[in-house]
Protein chains: 2
Amino acid sequence: MTLKYSRQREAIREFVMSRHDHPTADVVYMNVRREFPNISLGTVYRNLTLLADIGQLTRIRLGDGVDHFDAITEPHYHFVCKECGVVYDLDFPILDTVDSEADTGFEGGRIDGHITYFYGKCKDCLAEG
Amino acid sequence: MTLKYSRQREAIREFVMSRHDHPTADVVYMNVRREFPNISLGTVYRNLTLLADIGQLTRIRLGDGVDHFDAITEPHYHFVCKECGVVYDLDFPILDTVDSEADTGFEGGRIDGHITYFYGKCKDCLAEG
DNA sequence: GGTTAAACCAGTAATAGTTACTGTTTTGAT
DNA sequence: ATCAAAACAGTAACTATTACTGGTTTAACC
């Protein structure tokens, strides 16, 4: 299954790269449609999955039942506003100590890592009330 | 909207309380059906949601696209086996330091807490190879 | 540059998990 | 015992995602 170039995939990749707001498949679809008016949603999903598989994107799950995609592939944490759902990157390093802390006295298996997101109220929602 | 007693809700609550494996709505449905053969899946969902809303259960999302329910409502961490999907409770305290660490220098809003789950390979899957 | 097989596509159907609706039954306060 | 509110069973609808199908694009090879 050798990878072949595709204009659609390139547009999808470029769109996600251009955004910092962790778009969902649907948002990608809406936007890439401006360049490819009859691109199919299936193509968007297939390519997002493919790009995530080859490590050019990261799929992030934030408990809202929708997959988000992130162009930044280096591990990092996220902040989610409970009010409006906006997602920000947090730029402090992954806390490896947390894994070893969890590992101490854990007899259930081997811990390889952790998934964390922080929640709260974003600046805009705080300002509103 | 005063709460009224219901035998079905009680059975659902008792079932989740009796288990430590964080069952999904479907698992609850399958099991409660032994006592209430024609309980509806909608009733299970409605009551799980209600019980979570009044704080008798916790809804946990582990990135597998299915909601799990946990009878332990005190905040605690979970371990998920990437191989077989089994979920264990981890009994070390919530690391509040993590929140303050994330908060330092974060201008995007107010951080109220974090959701974390640890992943790896469970004892049984390690033994298999 | 033409041929050709594999990758890819658009369009559509199917699936999984969950929520919403509808008409009937249960609950509990009066 | 009456009766309104809450809950129910059964079913339909919805959302996010994946799978299928027959046609199109890509790129390796002559």
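All chains are named by letter (A, B, ...) in the order of the sequence lines, taking the proteins before the strands, and each is independently numbered beginning at 1. Note: hydrogens, waters and symmetry copies are ignored here, and every other heavy atom, side chains too, is used.
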**Non-neighbouring partners of B/Arg7 that pass salt bridge (Lys or Arg N to Asp or Glu O under 4.0 Å), sequence neighbours left out** =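 Counting only residues at least two positions away or on another chain, B/Arg7 forms no salt bridge (Lys or Arg N to Asp or Glu O under 4.0 Å).
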**Request:** To the nearest Å, give me how far apart CG (A/Asp53) and C1' (C/dC8) are.
**Result:**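 The answer, rounded to whole Å, is 16 Å.
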**Item:** Pairs flagged by side chain to side chain donor-acceptor pair (under 3.5 Å) wherever residues 96-109 of chain B is involved - sequence neighbours left out
**Value:**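 Residue pairs with at least one partner in residues 96-109 of chain B: B/Asp99-B/His114.
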**Item:** Pairs touching residues 26-35 of chain A that satisfy side chain to side chain donor-acceptor pair (under 3.5 Å), sequence neighbours left out
**Value:**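 For residues 26-35 of chain A, and leaving out neighbouring residues, the side chain to side chain donor-acceptor pair (under 3.5 Å) pairs sorted by first residue read A/Tyr29-A/Arg33, A/Asn31-A/Arg34.
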**Asked** With sequence neighbours excluded, what pairs up with B/His68 under the ring pair (Phe, Tyr, Trp, His ring centres under 6.0 Å) test?
**Response**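 With neighbours one apart ignored, the set is empty.
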**Asked** Under the ring pair (Phe, Tyr, Trp, His ring centres under 6.0 Å) test, which residues partner B/His76, sequence neighbours left out?
**Response**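 Testing B/His76 for ring pair (Phe, Tyr, Trp, His ring centres under 6.0 Å), a comparison that skips the adjacent residues, returns B/His78.
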**Asked** In B/S/- notation, 5' to 3', how is nucleotides 2-18 of chain D contacted by protein heavy atoms closer than 4.0 Å?
**Response** --BBSSBBB-----SBB
